[in-house]
2 protein chains.
Amino acid sequence: MIDRKEKILQTALRLFANHGYNGVSTNKIASEAEVSEGLIFRHYKNKQGLLDAILQQAFEKAAILYADIITEQDPKQVLWKSITLPFRGDPKEYDFWRLQFKLKWELEISGKEKMQPMTDKLTWAFTQLGYQEPEKEAQILQHIIESVSGGILKDGMASQEALKDFLLEKYRVN
Amino acid sequence: MIDRKEKILQTALRLFANHGYNGVSTNKIASEAEVSEGLIFRHYKNKQGLLDAILQQAFEKAAILYADIITEQDPKQVLWKSITLPFRGDPKEYDFWRLQFKLKWELEISGKEKMQPMTDKLTWAFTQLGYQEPEKEAQILQHIIESVSGGILKDGMASQEALKDFLLEKYRVN
DNA sequence: GTCTATATTCGGATAGAC
DNA sequence: GTCTATCCGAATATAGAC
């Protein structure tokens, strides 16, 4: 890696994702990234600006992932893709997801609005499949997916793996 | 409130619950509690010790809540009590629950071990009720309860209220 | 673009008086 | 038990040289 600005970003992502925003000093970021501390403030307005840049990237990555589901036309496939989503995560991008969960609670950054299209799509899918209460089914499934994702991030994929097939069966999309 | 030691605890709980452990300084705690900063360190070994005292209380409160479910002998009642748990929370104690969620991610304090008896009890209940895969049903329901609880803490009870009856019906315990 | 040095404020913690 | 004063290191941020 030669681009030091990018290296700062990567390093900060890793550290923020593992120790939270307030838990990581710019000094720590600089030493881990093997750059001077001053350089951070040349490339980013301040510590918050560095976080903003990371979140910007994170939201873009999330949007790509969700787009695949939102554009899906087969309702069963919508459910299948949603349920398997947490299990298909690229370990390389774990830090992005971990950061979302961490900041949701640490700094009350919810990213809830970004989820609305997903909720709508799930509601649509359950409607197509003839469920009685599609909105609530969608809400429940999202709760499950959120919590399963959290479980994977905290305790590893193995801790949740068994649930994947169980859920696919439960929703009859396996 | 006259007991200043207690007032420090209450204030710290409120601030930690809303801004996280690393997001709150002892200076802030002291000024909000209207005591001198030094007094904090008279009553508690250090900042961490203050947090420990709060968590101690929180775990005790949680234990009481869970005990009601764990000692329940009717499997249907176990499910009913578990599902309605997040909706029966005393708003006065929201800070305790909010703190759990915050610290779970900020400091990776999971309190998972404390939940094991709940998992076991739910598994038992599903077994009694003749479910095919009681362990997985228990895991899923706990995921739902966890995420619903989080939703209540973040967006208020109204955001989740509709799910209560829906879940009770889904599990046929209404 | 990058580093070194430095300014400045903040945070946790202690000492000593009352 | 409580407060005031204070220490010291850490954290964010800037200035200036290369």
Side-chain angles (χ1 to χ4, degrees), chain A residues 1-58 95 98-99 102-109, chain B residues 1-58 95-96 98-100 102-109:
Chain A
M1 186 158 356
I2 35 173
D3 185 343
R4 288 160 117 84
K5 179 174 178 180
E6 179 63 19
K7 178 150 198 195
I8 289 168
L9 198 90
Q10 304 267 328
T11 304
L13 165 60
R14 176 169 55 80
L15 292 174
F16 287 158
N18 285 291
H19 309 288
Y21 177 73
N22 288 312
V24 177
S25 67
T26 50
N27 176 303
K28 178 77 173 171
I29 295 168
S31 73
E32 292 265 323
E34 295 174 295
V35 300
S36 68
E37 198 172 353
L39 191 59
I40 293 175
F41 297 95
R42 287 284 152 194
H43 286 306
Y44 303 95
K45 185 172 180 294
N46 50 30
K47 192 186 170 188
Q48 177 70 45
L50 173 56
L51 176 63
D52 291 343
I54 292 170
L55 286 180
Q56 183 56 36
Q57 264 197 226
D95 284 340
R98 185 182 299 277
L99 186 66
K102 272 219 145 75
L103 295 189
K104 184 169 66 188
W105 288 104
E106 185 183 353
L107 304 180
E108 310 269 326
I109 294 172
Chain B
M1 186 157 357
I2 34 168
D3 185 344
R4 288 158 118 87
K5 178 173 178 180
E6 180 63 19
K7 180 152 196 193
I8 290 169
L9 198 90
Q10 304 267 327
T11 305
L13 165 60
R14 176 169 55 78
L15 292 174
F16 287 158
N18 285 291
H19 308 287
Y21 177 74
N22 287 314
V24 177
S25 66
T26 50
N27 176 302
K28 178 79 174 170
I29 294 168
S31 74
E32 292 265 324
E34 296 173 293
V35 300
S36 68
E37 197 173 353
L39 191 58
I40 293 174
F41 298 95
R42 287 285 151 192
H43 287 306
Y44 303 95
K45 185 170 181 293
N46 50 28
K47 193 186 172 189
Q48 177 70 46
L50 175 54
L51 177 63
D52 290 344
I54 292 170
L55 287 180
Q56 182 56 35
Q57 267 197 225
D95 283 340
F96 278 110
R98 184 184 299 278
L99 186 64
Q100 307 288 322
K102 274 220 145 74
L103 295 188
K104 184 170 65 187
W105 288 104
E106 185 183 355
L107 304 180
E108 311 269 328
I109 294 172

**Q** Atom NZ of B:K7 and atom P of D:dT2: how far apart are they, to the nearest Å?
**A** 12 Å
**Q** B:E32 and side-chain hydrogen bond (donor to acceptor under 3.5 Å, both in side chains): which single residue from B:K7, B:Q10, B:R14 fits?
**A** B:R14
**Q** Could you state the atom-to-atom distance from CD1 of B:I8 to C1' of C:dG12 in whole Å?
**A**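 Distance, rounded to whole Å: 14 Å.
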**Q** Could you check if a side-chain atom of A:E108 sits within less than 4.5 angstrom of a side-chain atom of B:K102, using non-hydrogen atoms only?
**A**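 Yes, at least one pair of side-chain atoms sits under 4.5 Å.
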**Q** Can you find a side chain N or O atom of B:R4 that sits less than 4.0 Å from OP1 or OP2 on D:dC3?
**A**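 Yes.
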**Q** Test side chain to side chain contact (heavy atoms under 4.5 Å, CB included) on A:Y21 and A:E106 and set out the steps.
**A** CA-CA 8 Å; A:Y21 177 73; A:E106 185 183 353; 3.8 Å; yes
**Q** In terms of side-chain heavy atoms, does B:D52 have a donor or acceptor partner in B:Q56 at a distance below 3.5 Å?
**A** no
**Q** Mind calculating the distance between CG (B:N46) and P (C:dT14) to the nearest angstrom?
**A** 8 Å
**Q** Is there a side-chain contact between B:F96 and B:Q57 (heavy atoms, below 4.5 Å)?
**A**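 When only atoms from C-beta onward are counted, B:Q57 and B:F96 do touch, with a gap below 4.5 Å.
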**Q** Mind listing the residues from residues 22-41 of chain B sitting with a heavy atom below 4.0 Å of DNA chain C? Number order is fine.
**A** B:V24, B:S25, B:T26, B:E37, B:G38, B:F41
**Q** Measure from the side chain of B:R42, starting at C-beta and using heavy atoms only, and say which of D:dA15, C:dA15, D:dT12 lies closest.
**A**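 So the side chain of B:R42 is nearest to C:dA15.
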**Q** Decide yes or no on side chain to side chain contact (heavy atoms under 4.5 Å, CB included) for A:F41 and A:T26, but give the supporting numbers first.
**A** CA-CA 9 Å; A:F41 297 95; A:T26 50; 3.7 Å; yes
